[in-house]
Novice: 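I am attaching a structure below and will ask some questions about it afterwards.
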Amino acid sequence: MNDDKDKEQPFVTINHPPDPKWEGTSASTGNEKSEPLRDPGLSSSFSSVYTPPPVKQRKTSAVLAMLCGILALLFNLLVVTLPLGIILGITAFCSGLVARRSHRRSAGLVLSLFSFLIAMVWLASALVPLAVDPTIRAGLRLP
């Protein structure tokens with residue numbers, strides 16, 4: 001039979017050209033040539049110049065804006081929790097501005113503005129009858 005087929009061979013052989021930024025060191029001069037950095041655990045047939053994976057940019061401000069915007073919207077729908085909804089709306093608005101500038105995400109900003117609209121409707125529905133109806137004003141003894 002064939003002895004060449006029975007020999008163990010690596011499943012995949014990766015032969016990349018060496019990266020020029022890893023060749024040589026700051027102490028090397030002129031014509032000296034050095035090997036690129038290699039992992040000592042791998043054989044010389046494998047080129048293992050390490051390239052780190054890309055770093056994902058965290059979008060904490062966008063997530064915070066969206067979460068606070070949703071909560072502000074829900075809390076502003078109820079009159080009892082209106083003050084908490086306004087506080088969460090302000091938080092969502094501020095973090096939404098940061099998210100808009102840095103990540104181009106505007107969902108939290110839109111939700112906070114919509115929650116402010118709901119809060120203004122509730123406040124107007126409470127204050128307009130006080131300003132217009134004289135019987136309510138007399139009952140509350142307002143000037």
Side-chain angles (χ1 to χ4, degrees), residues 4-143:
D4 292 335
K5 289 182 181 178
D6 295 335
K7 290 182 183 178
E8 285 188 31
Q9 294 180 358
F11 183 73
V12 176
T13 303
I14 302 172
N15 290 322
H16 294 287
D19 195 1
K21 69 180 177 181
W22 291 103
E23 286 189 23
T25 60
S26 60
S28 66
T29 58
N31 296 332
E32 294 179 4
K33 194 167 186 178
S34 65
E35 288 288 317
L37 297 175
R38 296 185 186 276
D39 187 5
L42 294 175
S43 65
S44 61
S45 66
F46 291 103
S47 175
S48 65
V49 176
Y50 178 70
T51 56
V55 178
K56 288 185 179 180
Q57 187 177 13
R58 295 187 181 206
K59 298 175 180 154
T60 308
S61 60
V63 172
L64 178 69
M66 185 131 168
L67 181 67
C68 287
I70 291 170
L71 290 175
L73 192 67
L74 292 175
F75 286 150
N76 282 343
L77 287 174
L78 300 173
V79 178
V80 177
T81 57
L82 190 66
L84 184 60
I86 291 173
I87 292 170
L88 284 171
I90 292 169
T91 305
F93 184 76
C94 294
S95 59
L97 286 177
V98 172
R100 177 76 177 141
R101 287 184 189 148
S102 61
H103 307 296
R104 303 248 181 207
R105 304 279 193 247
S106 61
L109 191 63
V110 171
L111 285 171
S112 69
L113 292 175
F114 192 63
S115 73
F116 286 144
L117 178 71
I118 292 172
M120 290 300 127
V121 168
W122 277 117
L123 290 175
S125 68
L127 295 178
V128 167
L130 287 175
V132 174
D133 193 7
T135 58
I136 297 174
R137 204 175 333 154
L140 294 174
R141 295 184 188 149
L142 294 174

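If you read the sequence from its start, that first residue is 1, and numbering goes on from there.
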Novice: Could you tell me the separation between the CE atom of Met66 and the OG atom of Ser106, rounded to the nearest 0.5 Å?
Specialist: 10.0 Å
Novice: Measuring from atom CZ of Arg105 to atom CZ of Arg100, what distance do you get when rounded to the nearest 0.5 angstrom?
Specialist: 10.5 Å
Novice: To the nearest 0.5 Å, what is the distance between CE on Met120 and CG on Leu127?
Specialist: 10.0 Å
Novice: Output all residues satisfying side chain to side chain contact (heavy atoms under 4.5 Å, CB included) with Leu113, sequence neighbours left out; order by chain, then residue number.
Specialist: Phe93, Phe116
Novice: Testing the basics here: between Ala92 and Gly69, what is the closest heavy-atom pair and its distance to 0.1 Å?
Specialist: CB-N, 3.4 Å
Novice: Could you pull out every donor-acceptor pair under 3.5 Å between side chains of residues 70-77 and any protein atom, sequence neighbours left out?
Specialist:
from, atom 1, to, atom 2, distance (Å)
Asn76, ND2, Ala72, O, 3.4
Asn76, ND2, Ser115, O, 2.9

Novice: Does Leu78 have any side chain to side chain contact (heavy atoms under 4.5 Å, CB included) partners at least two apart in sequence or in another chain, and if so, which?
Specialist: Thr81
Novice: For residues Ala119 and Ile86, report the shortest heavy-atom separation together with the two atoms involved.
Specialist: CB-CG1, 4.2 Å
Novice: Roughly how far, to the nearest 0.5 Å, is OG of Ser125 from CG of Leu130?
Specialist: 10.0 Å
Novice: Considering residues at least two apart in sequence or located in another chain, which fulfil the side chain to side chain contact (heavy atoms under 4.5 Å, CB included) criterion with Ser61?
Specialist: Val98, Ala99, Ser102, His103
